[in-house]
Amino acid sequence: VVLHNRKITSLAREGRIEDARQVFDKMPKRTLFLWSSMIGGYVRQGNYGEALSLYEVMEEKGVEPDRSLFVWVLKACSQHGGGLEKGKKVHDRIVSVGFESDVLVGNALIDMYGKRGDLKNARLVFDKMAQPDVVSWTSMIAACVQKGQTGEAFGLFRRMQAEGLKANSVTVTSMLPVCANLRDLKRGKEIHGYIIRGDFEDNVFVASSVLDMYAKCGHLKNARQVFDKMPHRDVVSWNAMVATYAQKGWHKEAQELFHQMQLDGIEPDVISWNAMIAGCAQNGQGDDALKLFCQMQQGGIRPNAISISSVLPACAHLAALQKGKEIHGYVFRSGNKDDVIVASALVAMYGKCGSLKDACRVFEKASERDTIAWNTMIGAYAMHGHGEKALQLFYEMELTGLKAN
RNA sequence: AGUCCCGUUAAGUCUGCGA
């Protein structure tokens, strides 16, 4: 038994979770420690479903969990589809065994609710905490950011500092994208100042988000300066810089960096390619966008929904119906036909390429329609001189409860 | 027989209509 215990823990840690499971299943008496090793092992390798079902079995057997097990289980809930309901049950269990006041467990709860989009419950846990720490505050901020509650995020950021807690590198990397998206240079600079004072500048995450904040606020020089000063750059740092130039239409600079990153030993990923494609497509270089779309596949990178919705406007711009149809074929083959954004991009492409019929077909078959999808279809009708049909669709849209913008 | 390590928050970058 002792040997088996050792074996399971070491296998689980090495990531050979299935081997560990085989031994585990044969054990007659399984201690909490063993359950934790197994569940933790599954979580670490991203098999959240298995982690959760193992946890349920454990509860059925009447094994009492401890705090760290709850942290593992909550992490699984935070990542797993449909984890919110399970997470709530786990929360009840935590309350029943009296662990809700534990900071680590509380933080994991906030994180879980935040990631699953349940801001109310995240807040409830947070407000009940006697001594929220930096992680608690940061998790709460991240939850607000994810829900688009930017004012609330700023409020929390200020309050945490007023209460004497210091924001760390994680806190600022959660806040900077908010400044970037709001183009709030003033607050972005304030946070940058704080970063310099706190000596977080060399953190890759921090530097990349500072870079992106300046770029989105239109200060390309500052962005480039931050990029050049980085002691370490990873694929995200390069992507942020490439995307900046690409989006501005500075193709030469973008291409240069795209090339240089490879010389630096960083292989472009799907995001790097997408940034390049979008840059060309949005700046009148439709041909190049299409070329890049082919090249990325030759390079072994599978285009995703974003790649497709980036390249389709290039077909629209070139009125390249045939190319557009080819990409439509790819949408099916790659399993992206249920993506709302891809569907709108297809509708727009067909509309602009003169095939209203195809545009309608895609729109009607779409599994989901948001305001932009409706707008696109209405625009296509209007463009083809069907004003009445456009108006009719507009009313239909309002009947679905969507608001015009 | 594990108590070192690992395990809670950020990971930052790309996308559709129109303006």
Side-chain angles (χ1 to χ4, degrees), chain A residues 1-6 8-10 12-13 31 33-34 36-37 39-41 43-44 67-72 74-75 78 102-112 114-115 133-143 145 168-177 180 203-213 215-216 234-244 246-247 269-279 281-282 304-313 316 339-349 351 370-380 405:
Chain A
V1 173
V2 172
L3 277 175
H4 281 175
N5 265 359
R6 281 194 146 173
I8 290 172
T9 53
S10 65
R13 277 172 198 182
T31 57
F33 176 71
L34 273 185
S36 283
S37 302
I39 292 171
V43 173
R44 220 177 305 154
R67 291 157 218 257
S68 67
L69 181 78
F70 279 128
V71 173
W72 284 113
L74 286 170
K75 188 183 171 68
S78 76
D102 184 84
V103 184
L104 248 61
V105 174
N107 289 349
L109 276 168
I110 297 172
D111 177 49
M112 185 275 294
K115 287 219 169 81
D133 64 5
V134 192
V135 176
S136 325
W137 284 91
T138 305
S139 310
M140 199 56 234
I141 288 171
V145 172
N168 64 16
S169 56
V170 180
T171 319
V172 298
T173 26
S174 308
M175 286 305 303
L176 280 168
N203 179 305
V204 206
F205 293 99
V206 172
S208 304
S209 49
V210 171
L211 180 171
D212 188 56
M213 181 277 294
K216 293 228 163 76
D234 64 8
V235 69
V236 177
S237 335
W238 284 98
N239 286 350
M241 205 62 239
V242 167
T244 298
Q247 221 227 330
D269 63 5
V270 65
I271 296 185
S272 327
W273 286 97
N274 290 351
M276 292 292 291
I277 292 169
Q282 289 166 12
N304 61 16
I306 298 185
S307 327
I308 296 164
S309 29
S310 305
V311 76
L312 281 169
D339 189 287
V340 221
I341 299 181
V342 168
S344 311
L346 281 169
V347 172
M349 181 276 293
D370 62 5
T371 307
I372 295 184
W374 282 95
N375 278 351
T376 311
M377 194 61 241
I378 292 168
N405 60 5

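Just so we're on the same page: letters track the sequence lines, and every chain starts at 1.
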* Give the minimum heavy-atom separation between A/Gly114 and A/Ala143, together with the two atoms involved. => CA-CB, 3.6 Å
* To do: Taking all heavy atoms of A/Ile39 and all of A/Trp72, pick out the closest pair and write down the distance.
  =>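 Shortest heavy-atom contact: CG2-CB, 4.4 Å.
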Expressed in angstrom and rounded to an integer, what is the separation of [X] atom [atom1] from [N] atom [atom2]?
X        : N    : atom1 : atom2 : answer
A/Leu74  : B/U9 : CG    : P     : 10 Å
A/Leu34  : B/A1 : CG    : P     : 15 Å
A/Leu109 : B/U8 : CG    : P     : 14 Å
A/Met140 : B/U9 : CE    : P     : 15 Å
A/Phe33  : B/G7 : CZ    : P     : 15 Å
A/Asn107 : B/G7 : CG    : P     : 15 Å

* Under 4.0 Å protein heavy-atom contact, by nucleotide of nucleotides 12-19 of chain B - B base, S sugar-phosphate only -> BBBBBBS-
* Integer angstrom distance from the P of B/U8 to that of B/C4 ->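 Taking atom P in both B/U8 and B/C4, they lie 15 Å apart.
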* Can you tell me how far C1' in B/G7 sits from the matching atom in B/G2, rounded to whole Å? ->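 The same atom, C1', in both gives a distance of 14 Å.
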* **Spatial distance of atom OG1 (A/Thr138) from atom CG (A/Asn107) [nearest 0.5 Å]** => 9.0 Å
* **CG-CG distance between A/Leu74 and A/Asp111, expressed to the nearest 0.5 angstrom** =>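 Reported value, rounded in 0.5 Å steps: 8.5 Å.
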* Can you check whether A/Ser136 reaches A/Asp133 side chain to side chain, under 4.5 Å on heavy atoms? ->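 Yes, close enough: below the 4.5 Å cut-off.
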* Distance check: side-chain N/O of A/Lys75 vs OP1/OP2 of B/C6, anything under 4.0 Å? ->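 Checking B/C6 against A/Lys75, no side-chain N or O comes under 4.0 Å of OP1 or OP2.
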* A/Asp212 and A/Ser209: side chain donor to acceptor below 3.5 Å -> no
